[in-house]
Amino acid sequence: MKSGAREEVIRAFEAFSDRAPDFEVQELSFGHINKTYRVSNAAETYVLQRVNPLVFKNIKGVMDNMVAVSEHLKRKGYPHPVLAPVLSKKKENLVSGQWRLFPLIGPAKTYQRAQSAFQVRAAAQFIAEFYVYLQDFDWQKLSVPIEGFLDFNRRYTDFLKHLEGADSKRIRQASPEITFLKAHRRLIDQWEHVLTQVPQRVIHADPKISNFLFDREDSNRVLALIDWDTLMAGPILYDFGDMVRSYTNLKEEDDPRDAGFSEVYYRTLEQEFTRHLKGVLTPIERKNLGLGAEVVCYIQALRFLTDFLNRDQYYPVLWPSHNLDRTKSQLNLLQALQERFS
Ligand code: GN1
Ligand code: MG
């Protein structure tokens, strides 16, 4: 987007009205899907985001979910910042149907990889508290932010469809990963079976480490959990799995080199998750935490590989094999988990 058009969007918010003409914009490299900017005027700093309408077909639903959850948490005295959008001059939480503004939370720091078991512990405790405060929130009130997000059979069918349409060079390059994913298809069946026995809850559905804001001075203190775009009804095992996927990986999400799994971080996550959700998790949930971890790594690998086969339409790439490298990283983790459980 041209900076002039972005400026017009910013001016649609009260804080950047004609009476406060000066502001600075800086793009933040944050997330694969949305564009994020830091915008400051003389008094305040905000986060401006353009929600990707190709991925989020129901942005209004996403915003309604966020507002409903924020209000519930505030009502209950949740002791951390919530994501409450700043209204535009027209008193709306979206400008041009895609742009939104939040007060900046901080001073904060984000990480791409866990720094210590203390940090892992703090994150597990933080998200557990989030669920506890949302336990009496009626998940049936939530809109579906992305149709089929948790439909893993559909994701597998999608993978086969794009495999069929892919060019032979990419198929050849990804041949070991394609074979591996096909050979482990049963994970989806195991997951589907467990799903019939676990409750639906409000889940975050993207609790990777970079979605936790840590205190800038203290890397073991979480200030806030952000990126509520995928708040949805679903199995809590998905969130646990995604935290394992992100927090136990000693390498970055796109580093294809092997041997980056931390057993200590895994145990910390599992211990803290179960400890802080003692009265919340059902025995079947507790028993299937490991399956959640495996299946989320599997599905994330499948998503990256599907996109690689589809010529990188969904995840932005910085080099030609970027999505394949991301796939390899997820499969390395999956293999480490499988060795652990065998
Ligand atoms: C995407 O956009 P971002 O970085 O918050 C993706 C998640 C993946 C994640 C992998 C809407 O999240 O599902 O787990 O990348 N979000 C969407 O890093 O597809
Ligand atoms: Mg996200």
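In each ligand, atom 1 is the first atom listed, and ligand 1 is the first ligand listed. Because the structure is a prediction, the values reported are computed rather than measured.
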Query - Ring-face cation contact, Y37 with R6, 6.0 Å cut, 45° max - result: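 Yes; both conditions hold, so R6 lies above the ring face of Y37.
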
Query - Residue D206 atom name (nearest to the Mg ion (ligand 2); N/O/S) - result: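 The closest N, O or S atom of D206 to the Mg ion (ligand 2) is OD2.
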
Report task. Check all N, O or S atoms of D227 and name the one closest to the Mg ion (ligand 2). Result ->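 That would be atom OD2.
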
Query raised in the report: Looking at the Mg ion (ligand 2), is one of the N, O or S atoms of D229 less than 2.8 Å from it?
Result: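 It does not: D229 brings no N, O or S atom closer than 2.8 Å to the Mg ion (ligand 2).
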
Requested in this report: Give the contacting part of I33 toward ligand 1: side chain, backbone, both or neither, where contact means a heavy-atom distance below 4.0 Å.
Outcome: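 The answer is both, backbone and side chain.
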
**Report entry** Proximity to ligand 1 by part of N34, non-hydrogen separation under 4.0 Å
**Finding:**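 No part of N34 comes within reach of ligand 1.
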
Identity and distance of the protein heavy atom lying nearest [atom]:
{"atom": "atom 12 (O) of ligand 1", "value": "D206 OD2, 3.2 Å"}
{"atom": "atom 19 (O) of ligand 1", "value": "Y314 OH, 2.5 Å"}
{"atom": "atom 15 (O) of ligand 1", "value": "H32 CD2, 3.0 Å"}
{"atom": "atom 9 (C) of ligand 1", "value": "K208 NZ, 3.5 Å"}
{"atom": "atom 10 (C) of ligand 1", "value": "E253 OE2, 3.3 Å"}
{"atom": "atom 14 (O) of ligand 1", "value": "Q300 OE1, 2.7 Å"}

Report task. For residues V295 and L187, report the shortest heavy-atom separation together with the two atoms involved. Result ->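 Scanning both residues completely, I find the closest heavy atoms to be CG2-O, 3.9 Å.
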
Requested in this report: Inspect the contact between R38 and E27 and indicate whether a charged nitrogen and a carboxylate oxygen are less than 4.0 angstrom apart.
Outcome: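 Judged by the 4.0 Å cut-off on N to carboxylate O distance, E27 and R38 do not form a salt bridge.
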
Report task. May I ask you to say whether R267 pairs ionically with E263, meaning some side-chain N is under 4.0 Å from a carboxylate O? Result ->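 So R267 pairs with E263 through a salt bridge.
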
Report task. Give yes or no for whether the N/O distance cutoff of 3.5 Å, strictly under, is met between Y315 and ligand 1. Result ->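 No.
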
**Report entry** Backbone or side-chain N or O of R303 under 3.5 Å from ligand 1 N or O
**Finding:**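 There is such a contact, yes.
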
Donor-acceptor contact below 3.5 Å, side chain [X] vs main chain [Y]:
{"X": "W139", "Y": "D136", "result": "no"}
{"X": "S143", "Y": "P145", "result": "no"}
{"X": "K57", "Y": "L54", "result": "yes"}

Output the list of atoms in ligand 1 that are nearer than 4.0 Å to some heavy atom of [X], sorted by atom number.
{"X": "D227", "result": "5 (O)"}
{"X": "F149", "result": "13 (O)"}
{"X": "R245", "result": "10 (C), 14 (O), 18 (O)"}
{"X": "I146", "result": "11 (C)"}
{"X": "F56", "result": "11 (C)"}

Should the ring pair [X] and [Y] be called parallel, tilted or perpendicular, given that the plane angle runs from 0 to 90° and is split at 30 and 60?
{"X": "W191", "Y": "F152", "answer": "parallel"}
{"X": "F126", "Y": "F212", "answer": "perpendicular"}
{"X": "Y78", "Y": "H80", "answer": "perpendicular"}

Query raised in the report: Yes or no on side chain to side chain donor-acceptor pair (under 3.5 Å) for D254 and H322, after CA distance, side-chain angles and deciding distance?
Result: CA-CA 7 Å; D254 55 9; H322 203 164; 2.8 Å; yes

